[in-house]
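What follows is a single structure, written as structure tokens, with notes after it.
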Amino acid sequence: MRMGLLGVPRMLTGRIDTAGAKLAFLLMIATIPVVLVGLVLHLTGLDDAMRSVAVIGWSMLIFGLVLYWADQRGPQVQKAEGWNTRDAIILGLWQAVALIPGTSRSGITITGARFLGYDRQSAARIAMLMSIPTIAASGVLLGVDALVSAKLAALRDGAIAAAFAFVAALAALSLMMRLLQSVSFTPYVIYRVVLGVVLLWIAYA
């Protein structure tokens, strides 16, 4: 994370000649899809239209099973150090899917990374790195909305929510990386499937 921040100035001047600058560039590339899709959903109001118990339930269930399939079938031949432009674009598209309510941003990014052949810890590490600019971009969008509507209270609440989301995401992924030293993603998959089934039962009961 620190290396990527230090590489931002060189990346902005077009010099992708250090590990930090390369990481900053790849994170920028990986963030573009979720920003563009997020803007479209926000401007069209589709983001609110998709927020229902049924959509969340199906997302929890389906993407939990997809993660299980990716984790069981995907080879573990690539490391985070080998992350490249092509994979950054692909994982950026996977991350955009997380805009569907109920889809875990880290979970869907890890799913894409496992399909690409990254080992479990590398997949979690890449997901953690990708979360930083994505959460920052979300915070900026909330801030712009609050300023446009002149709701300073909303700006304050948005900043607090973004900060908590950032800390929670990093804590969850750090814990996951520790657990991956001894277990697979299966416990997380079971949690998503069970919760998804419960939500679907509530939605259609």
Side-chain angles (χ1 to χ4, degrees), residues 1-11 16-35 37-38 60 63-100 103-139 162-192:
M1 182 169 61
R2 180 172 177 270
M3 182 175 66
L5 290 174
L6 293 175
V8 170
R10 295 186 72 84
M11 186 269 293
I16 317 296
D17 54 357
T18 66
K22 179 183 177 183
L23 177 57
F25 174 74
L26 293 176
L27 289 174
M28 179 188 70
I29 293 297
T31 306
I32 291 175
V34 72
V35 170
V37 175
M60 294 284 292
F63 290 119
L65 293 174
V66 173
L67 172 57
Y68 180 78
W69 182 32
D71 190 42
Q72 297 299 311
R73 299 291 297 273
Q76 299 195 60
V77 296
Q78 296 206 67
K79 299 290 185 181
E81 292 75 15
W83 197 31
N84 53 48
T85 303
R86 169 185 169 273
D87 290 353
I89 294 172
I90 293 173
L91 291 183
L93 295 173
W94 274 96
Q95 184 173 235
V97 177
L99 294 170
I100 300 174
T103 307
S104 165
R105 193 212 57 79
S106 57
I108 200 67
T109 306
I110 289 172
T111 299
R114 289 292 294 116
F115 272 127
L116 290 173
Y118 288 90
D119 63 54
R120 289 172 180 142
Q121 287 188 312
S122 292
R125 181 183 172 190
I126 291 172
M128 181 173 66
L129 290 170
M130 287 177 59
S131 71
I132 298 170
T134 301
I135 293 174
S138 176
F164 273 108
F166 178 73
V167 172
L170 291 185
L173 283 168
S174 295
L175 176 61
M176 183 178 290
M177 291 181 72
R178 288 176 180 268
L179 291 175
L180 288 177
Q181 296 177 3
S182 57
V183 299
S184 67
F185 291 113
T186 302
Y188 177 65
V189 170
I190 293 173
Y191 152 74
R192 288 188 60 85

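- Listed here is the closest heavy atom pair of Ser106 and Ala127: O-CB, 4.0 Å.
- Here the side chains of Thr111 and Phe63 are not in contact, with every heavy-atom distance at 4.5 Å or above.
- Under a 3.5 Å cut-off, the side chain of Gln78 and the backbone N or O of Leu116 do form a donor-acceptor pair.
- Counting heavy atoms from C-beta outward, Ser131 and Arg105 have side chains that approach closer than 4.5 Å.
- What you find for Ile108 and Ala98 is that their closest heavy atoms are CG2-CB, 3.9 Å.
- The ring-ring contact (aromatic ring centres under 6.0 Å, His included) search around Phe115 returns Trp69, Trp94, not counting sequence neighbours.
- Between Ala96 and Val37, the shortest heavy-atom distance links the atoms CB-CG2, 4.1 Å.
- Note that CD1 of Ile110 and CZ of Phe185 are 4.5 Å apart. Values are rounded to the nearest 0.5 Å.
- The two atoms that bring Arg192 and Thr103 nearest to each other are NH2-CA, 4.0 Å, heavy atoms only.
- The salt bridge (charged side-chain N to carboxylate O under 4.0 Å, His left out) analysis of residues 63-80, with sequence neighbours excluded, yields the pairs Asp71-Arg114, Asp71-Arg120, Lys79-Asp119.
- In terms of modelled atom types and a separation under 3.5 Å, the side chain of Ser122 and the main chain of Ala80 share a donor-acceptor contact.
- Scanning all heavy atoms of the two residues, the minimum distance from Ala113 to Ala123 falls at CB-CB, 3.6 Å.
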Quick one, Glu81 with Arg125, criterion salt bridge (Lys or Arg N to Asp or Glu O under 4.0 Å). Give me CA distance, side-chain angles, the key distance, then yes/no. CA-CA 10 Å; Glu81 292 75 15; Arg125 181 183 172 190; 2.8 Å; yes
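- Residues Phe25 and Thr85 meet the side-chain proximity criterion, which asks for heavy atoms closer than 4.5 Å.
- The distance from the OG1 atom of Thr31 to the CG atom of Leu91 is 11.0 Å, given to the nearest 0.5 Å.
- Using a 4.5 Å cut-off on side-chain heavy atoms (C-beta onward), Ile29 and Leu26 make no contact.
- At a threshold of 4.5 Å between non-hydrogen side-chain atoms, the residues Trp83 and Leu23 count as touching.
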